[in-house]
Amino acid sequence: MSVFLPIENYVPHRGVMLLLERLLHADAEGAEAQVTVSRDGLFVQDAGMPAWVGMEYMAQTVAAWAGWQALQAQRAVKLGFLLGTRKYQAACGHFAPGAVLLVRVRSELVGENGLGMFACEIVQGGAEGDRGQECVLAQARISVYEPEDGSAYIHALEKQGVSEQDE
C-alpha cells in the first residue's frame, strides 16, 4: 500500500476551490481520489452538491495524478486546464451532503503537446477493495491541457483580452 502526501502537494487548487480530500491511489495509468461532499460552501444547493460539479472532481483527480507523476520524476507540479467533457452522465441530480465518493481517472491519451484524454467515474459504496457493491454515480471522458508554463499561458490570455477590449 502506498502512502500519499496531503492532496495540496499534488494540485494547485487552494481554499474553497480544493474539492478533493485525499489521493488514495496513483500509478502510471491513472489515479483514485476521495471526496467527502461538502454540506455547505461553494456550489452547494439545498438538495446537495449539483452533479455537474462531478466534472471538477474528475478534473482535480487528473490534476492530482499529474502532480503525483511530476513529483515522482522530481519535477514541479504544473497548472493544467479542463478543456471539456464528452458524454458526462450522472445517475443523480445532486451528490448527497456528507457522502464519501471515490473519483477514478484512467489515462487514455497524453500527448507531448500537453493534451490529454481521461476516462473518469465517480462511485459510492462498497467496502475497500470490493468493487462489486459500488454504485456508479457519474462517468465521463474529459479533455485536459497542461501547457509548459501555465502562469505564462494565463498571463498571455489576460494580456490578449485587455488588448482586444481596447480595440
Side-chain angles (χ1 to χ4, degrees), residues 1-35 37-38 42-43 49-91 95 101-123 131 134 136-167:
M1 180 174 169
S2 298
V3 176
F4 294 97
L5 299 170
I7 195 69
E8 294 85 355
N9 290 277
Y10 303 114
V11 299
H13 305 78
R14 295 293 181 268
V16 297
M17 279 309 299
L18 178 58
L19 303 179
L20 300 182
E21 190 172 342
R22 63 189 177 124
L23 187 62
L24 300 173
H25 173 82
D27 60 26
E29 304 300 316
E32 180 177 82
Q34 179 178 307
V35 173
V37 179
S38 181
L42 195 60
F43 306 123
M49 186 67 75
W52 54 261
V53 175
M55 287 185 285
E56 183 63 20
Y57 292 159
M58 293 171 181
Q60 287 191 21
T61 303
V62 170
W65 176 78
W68 176 82
Q69 291 236 328
L71 293 180
Q72 295 299 303
Q74 298 182 347
R75 295 187 320 258
V77 174
K78 293 193 220 172
L79 184 63
F81 301 94
L82 171 62
L83 296 180
T85 183
R86 295 182 71 183
K87 299 182 181 178
Y88 182 78
Q89 298 175 325
F95 300 124
L101 309 178
L102 301 178
V103 185
R104 296 189 184 118
V105 300
R106 183 178 47 80
S107 170
E108 293 185 334
L109 168 74
V110 176
E112 290 184 23
N113 61 358
L115 293 172
M117 176 72 71
F118 290 79
C120 309
E121 68 178 3
I122 299 173
V123 301
R131 292 189 175 200
E134 292 177 343
V136 177
L137 298 179
Q139 54 190 3
R141 292 178 66 211
I142 65 170
S143 300
V144 298
Y145 176 57
E146 183 183 71
E148 194 59 41
D149 184 347
S151 296
Y153 186 80
I154 289 175
H155 182 70
L157 289 175
E158 288 173 341
K159 193 172 184 178
Q160 181 183 9
V162 168
S163 61
E164 285 178 358
Q165 289 176 6
D166 293 339
E167 293 176 2

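Note that the numbering runs from 1 along the sequence shown for the chain.
Screening residues 105-120 for salt bridge (Lys or Arg N to Asp or Glu O under 4.0 Å), with sequence neighbours left out, gives R106-E108, E108-R141. Sorted by first and then second residue, the side chain to side chain donor-acceptor pair (under 3.5 Å) pairs involving residues 55-65 (not counting sequence neighbours) are E56-Q60.
In this structure, the side chains of L42 and L19 stay at 4.5 Å or more apart for every pair of heavy atoms.
Scanning both residues, S143 and M117, for their nearest heavy atoms gives OG-CE, 3.3 Å. Between L5 and N9, the shortest heavy-atom distance links the atoms CB-ND2, 3.6 Å. When all heavy atoms are compared, the tightest approach of T85 to A140 is OG1-CB, 3.4 Å. Closest of all the heavy-atom pairs between A28 and Q69 is CA-NE2, 3.6 Å. The two residues W68 and A26 have their closest heavy-atom pair at CD2-CB, 3.5 Å. Closest heavy-atom contact between F95 and A138: CZ-CB, 4.4 Å.
Atoms CD and CZ, on E32 and R104 in that order, are 4.5 Å from each other to the nearest 0.5 Å. Of the inter-residue distances, the one linking L109 atom CG with F118 atom CZ reads 8.5 Å to the nearest 0.5 angstrom.
Taking the six-membered ring for Trp and the full ring otherwise, the centers of W52 and F43 sit less than 6.0 Å from each other.
Here A64 pairs with I7, Y10, V11, L20, L23 under the side chain to side chain contact (heavy atoms under 4.5 Å, CB included) rule; sequence neighbours left out.
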**OP:** Given side-chain contact (heavy atoms from CB on, under 4.5 Å), test I142 with Y88 step by step and report yes or no.
**Re:** CA-CA 8 Å; I142 65 170; Y88 182 78; over 6 Å; no

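Taking a 6.0 Å sphere around CZ of R14, one finds it holds more than 12 heavy atoms contributed by other residues, nucleotides or ligands.
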